[in-house]
Amino acid sequence: MVAVPGDDHAHDHKPGFFTRWFLSTNHKDIGTLYLIFAIVAGVLGGYLSFMMRAELGEPGIQIFDEDVRRFNVYATMHGLIMIFFVVMPALIGGFGNWFVPIMIGAPDMAFPRMNNLSFWLLPTAFACLIISFFVSGGDGDGFGGGWVMYPPLSTSGSPGPAFDFIIIGLLAAGFSSIFGAINFITTILNMRAPGMTIHKMPLFAWSVLVTAFLLLLALPVLAASLFMLLTDRIPGGTGFFNPAMGGDPVMFQHLFWFFGHPEVYIMILPAFGIVSHVISTNSRKPVFGYLGMAYAMVAIGVVGFVVWAHHMYTVGMDVNLKAYFVAATLVIAVPTGVKVFSWLATMWGGSLRFTIPMQWALAFIALFVIGGVTGVMLANAGFDTWAHDTYFVVAHFHYVLSMGAVFGIFCGFYYWFGKMSGYLYNKWLAGAHFWLFFIGVNMIFMPQHFIGMNRRHVDFPVEMADGNWLSTMGIIPTGVGMLFFFLMLAEAFIRKRPAGDNYWGEGATTLEWTLPSPPPFHQFNTLPRISDDDGH
Amino acid sequence: MRLKKALMFGIPGLLLAAGTASATVWGLGVENPVTENAQGINSLTKLLMPIIIGITAFVFILMGYIMFRFREKANPVPSKTTHNTLIEIIWTVLPVIILLVIAAPSLQLLYDQDRIKDTTLTVKATGNTWSWTYSYPDLEGVDEIYSNPLNAEQAAAAGKPYLKAADAPLVVPSGTRVKVQVTSSNNLHAFTVPDFGVKVDAIPGIINEVWFEVFDGKEGIYYGQCAELCGVYHYYMPIEVKVVSPSEFDQWVANGGSFDTASTHSGGAVLTAEAE
């Protein structure tokens, strides 16, 4: 195994509260800040979705009757908050910061001060989005043009500062991610411990490396298109997307989805990495087909850049172009299948323990498969003629994100909670959280496949009432499940049951399990040495 | 009671759909297909559903077996196998073959939908915030149709579904290839008639073309709703299409776009003349 010599615990000086949490350059503290931030933003994003589901519980307009437009504002903000301020900060900023340096045997990130900047840009960006709720967006407060922000609704269709605040907020969040990506790439490529070759690196570090490249290549395109929207919005400004000035609104959609499609892999790849570790640990068996797993993520990342227009089958593209995007999109099913089957093969022959993180991981695989096969259906432009902008699409992407990425987040949270906090959680509370959440989200999203309703409609014809009612009922177990999550947190921090260094036993082989729980403020003052016969 | 009805979405629905001539599988696809393209969407859905359900069932059953067979009690000593080249090749190649099976009919449908054949009638649909304007560029004497939504009381009075019904429908003949030119006067919209297999975005400055041919004998009223976020009343922007027989359509044209036969004036039989 790995030897960890000379961690000098006697000199584990922590700075004072303000210096430690507000001027932090420590990757673990910044990771903690990211996780707290994601939880806070998640509560708001979840509240918005609960209000929308409550509205859609029965035909007619009950909750948003005073200002129907507010429904569109809620839908827009729910999407933006969940993507940019919950999933990305939790998976990349939170777990990435916490465990990538430890897993590769590095003392910290390559650029600790840039890491601090990455984090603090996010609350700034979030503040801009919150302000946008309360300032004019034309007919009322807030921006209701959807998270995709298509012009002309986002330019001439939304006067007032609400959308400008969103643009500024997303630019800040985008730069935060770009800085984070630079930091991760540099750290992973240059700061691996002696003997930790790239083909020995744990899969979570692999997933963050691929994700960081996707961020670095995709987010500048988002930043550029947001700038173009901004200048288009200035009276007498540019007309990139304004047909009256020779511009093209469809061009924005191409630019947006050139960012937007890699973005969905940015959200799911780190979850892939986490699930691989949890399955391997709880099967007490190394990951099956390690190289196939790593390069499947690379393949998903590469192909993910050339399939963007499958979000735009109905814009009137040339049929040959559509045919290409159908074929390219179907190709993504192959590396994704390799991952799913490799997880199953990792479990095959193992000695399975159904711990809390293992339950989340198994549910992740099951639900991601459902989201994956509906994705195969949607890839077909002919079928999409019916499904485009209906709840079938909503159900599909919530199965891969709300149940894929979010289950990956909880999976990682319960896997590493003891390592991060030093305390054990109550298994009964954590189990109640899992089962209620699992039942709830399936109740919400499974019926949505079959409603046949158009997206972003605040009211619906009466024949769609039953499916919508069942879907809305699903928010009850989901919400109660989230209460158990917070109860679990409170209980663990009140009882303070100490977690050992490696509370998972011999299945957990990555470097974080060689450190105390929680790890010292600075780890690996003397770098660990990875010998040739160490597995992954 | 509602829960019981809602559960009908689930397994019983699948069993029924597999055994009957129901048009949709579990409500997926076009409810009442009246064009070849709409039928094509349902045929593709019927091909896709067994495949994806089969894949999902395979993974779930395999997972269930593994969870049972290799639980800690049953298998206390884990194996250390991490490679098996043959099985890795199989699970790469097999999905490729399945995807090829899907891609061939899928691309066929795509080209069928997209290639606009020789059309007899051209209609222009313009999306506004929040209504539709329909016009017949080739028919003199038929005025533009301003199609506004009916509110709940009006819809109830007319016996039509609220949020789907409009005060003035787009009128098209059955058994005739109709080309729809779709554009927008301001924000994005989408011209959608699910039963025709038609959905295309309405974009300012761009004219998108789609076509459909409603089967003979399928005259009636068909509905759709705007399918691209267009602002506050996106949900309240219905599309109503009234399909009539070619002779009725000629009559309608001769009447200057009215079904009121009292006001007949010379117009000429547009469709029946061309059909002969």
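Contact of the I370(A) side chain with the T56(B) side chain is registered, since non-hydrogen atoms from C-beta on lie closer than 4.5 Å. Here the side chains of L362(A) and M63(B) are in contact, with some heavy-atom distance below 4.5 Å.
Judged by distance alone, the side chain of K285(A) and the main-chain N or O of T81(B) form a donor-acceptor pair under 3.5 Å. The backbone N or O of G29(B) sits less than 3.5 Å from a side-chain atom of W386(A), completing a donor-acceptor pair. Between the side chain of N75(B) and the backbone N or O of G350(A) there is at least one donor-acceptor pair closer than 3.5 Å. For N72(A) (side chain) and G231(B) (main-chain N/O), a donor-acceptor pair under 3.5 Å exists by modelled atom type.
The parts of S342(A) that come within reach of chain B are both its backbone and its side chain, each placing non-hydrogen atoms under 4.5 angstrom from that chain. Looking at P151(A), the atoms closer than 4.5 Å to chain B (heavy atoms on both sides) all sit in the backbone: N, CA, C or O.
Chosen from G337(A), A381(A), A366(A), the residue pairing most often with chain B at heavy-atom distances under 4.5 Å is A366(A). Counting heavy-atom pairs closer than 4.5 Å to chain B, the top residue among T374(A), V340(A), N320(A) is N320(A).
The aromatic rings of F70(B) and W348(A) are tilted relative to each other, their planes meeting at an angle between 30° and 60°.
Judged purely by distance below 3.5 Å, without hydrogens or angles, the side chains of D201(B) and Y150(A) never pair a donor atom with an acceptor atom.
Under a 4.0 Å N-O distance rule, the pair K164(B)/E463(A) qualifies as a salt bridge.
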Given side chain to side chain contact (heavy atoms under 4.5 Å, CB included), test H457(A) with Q225(B) step by step and report yes or no.
CA-CA 10 Å; H457(A) 281 198; Q225(B) 293 180 281; 3.8 Å; yes
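Listed by first then second residue, pairs satisfying side chain to side chain donor-acceptor pair (under 3.5 Å) with a partner in residues 93-107 of chain B read N380(A)-S106(B), not counting sequence neighbours.
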